[in-house]
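Following: one structure in structure tokens, then a few remarks.
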Amino acid sequence: AQKVTQAQTEISVVEKEDVTLDCVYETRDTTYYLFWYKQPPSGELVFLIRRNSFDEQNEISGRYSWNFQKSTSSFNFTITASQVVDSAVYFCALTSGSARQLTFGSGTQLTVLP
Amino acid sequence: DAGVIQSPRHEVTEMGQEVTLRCKPISGHNSLFWYRQTMMRGLELLIYFNNNVPIDDSGMPEDRFSAKMPNASFSTLKIQPSEPRDSAVYFCASTQTGGRVEQYFGPGTRLTVT
């Protein structure tokens, strides 16, 4: 069985603050993939990043960065200098072994105030 | 390139009526997924197809739900008869197996059953 936990239900920050969204996962497979998706108020699900279990290198894309740590089964997402447009629900997800279906966390509602 | 296309975007129907949701995956993708999103249960997988064949339908809530994929470019999710508790946003997603594993989601169909 696999599980994704996003303990932060809601986070509110003021524009230009940095914010980190936590994601903890569980799987018995040694090969797995982790993802982050963004769901803005318009409702669509937007793919942000994929990480495989063999690549623990952290990644930075503009104001976004991801910290993958197998030792703590975490895949955290940091937004630097947040903007109002970053306001959305962010989902962490996992697929492992031969499975193709995504297991989603419950999501974190991020609100960035002007 | 066109993304995943879903229709209709909104559907309002009365309890007992048949509802058919439609999805066109991204060209070249050979796996297709149907998800349902509700406040209570979050994002949950209903069924997924690989090369037009249903692989896992364990998430289909009951016999009132059925899904088909007659060819690589079209899938339907049918609810008959519909009930108020079926009200949710239904997402279709597609991906390529054997390569990148991130799923790309359609805009969703917001279903309201009164």
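Below, read A as the first sequence line, B as the second, and so on, with proteins coming before strands; counting in each chain starts at 1.
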Next item on the list: Please check if atom CZ in B/R41 has more than 12 non-hydrogen atoms from other residues, nucleotides or ligands closer than 6.0 Å.
Entry: no
Notebook entry, point to check: Any link between A/I11 and A/F77 through a network of hydrophobic side chains (Ile, Leu, Val, Met, Phe, Trp, Tyr) touching at under 4.5 Å?
Noted result: yes
Notebook entry, point to check: Which pairs pass ring-ring contact (aromatic ring centres under 6.0 Å, His included) with one or both residues in residues 61-95 of chain B, sequence neighbours excluded?
Noted result: none
Check: Under the side chain to side chain contact (heavy atoms under 4.5 Å, CB included) criterion, do B/L43 and A/L45 qualify, and how do the steps go?
Finding: CA-CA 11 Å; B/L43 275 158; A/L45 280 159; 4.1 Å; yes
Check: Above 12 or not: heavy atoms from other molecules or residues under 6.0 Å from NZ of A/K16?
Finding: no
Checklist line | Residue pair A/Y37, B/E102: steps toward the side chain to side chain contact (heavy atoms under 4.5 Å, CB included) verdict | finding: CA-CA 10 Å; A/Y37 283 84; B/E102 58 267 22; 4.3 Å; yes
Note to self: For a quick test of reading the model, state the closest non-hydrogen atom pair linking A/L102 to B/Y35 and the distance between them.
What the structure shows: N-OH, 3.2 Å
Next item on the list: Mind checking the OG-CD spacing from B/S31 to A/Q101? Nearest 0.5 Å is all I need.
Entry: 10.0 Å
Check: When the aromatic ring centroids of B/F105 and A/F47 are compared, is their separation below 6.0 Å?
Finding: no
Item checked: Proximal component of B/D56, with respect to chain A [non-hydrogen, under 4.5 Å] -> side chain
Check: Quick one: what part of B/Q37 sits under 4.5 Å from any heavy atom of chain A, side chain, backbone, both or neither?
Finding: side chain
Check: Among the clusters formed by ILVMFWY side chains lying less than 4.5 Å apart, do B/L45 and B/W34 turn up in the same one?
Finding: no
Notebook entry, point to check: Does CG in B/D63 sit with more than 12 non-hydrogen atoms of other residues, nucleotides or ligands closer than 6.0 Å?
Noted result: no
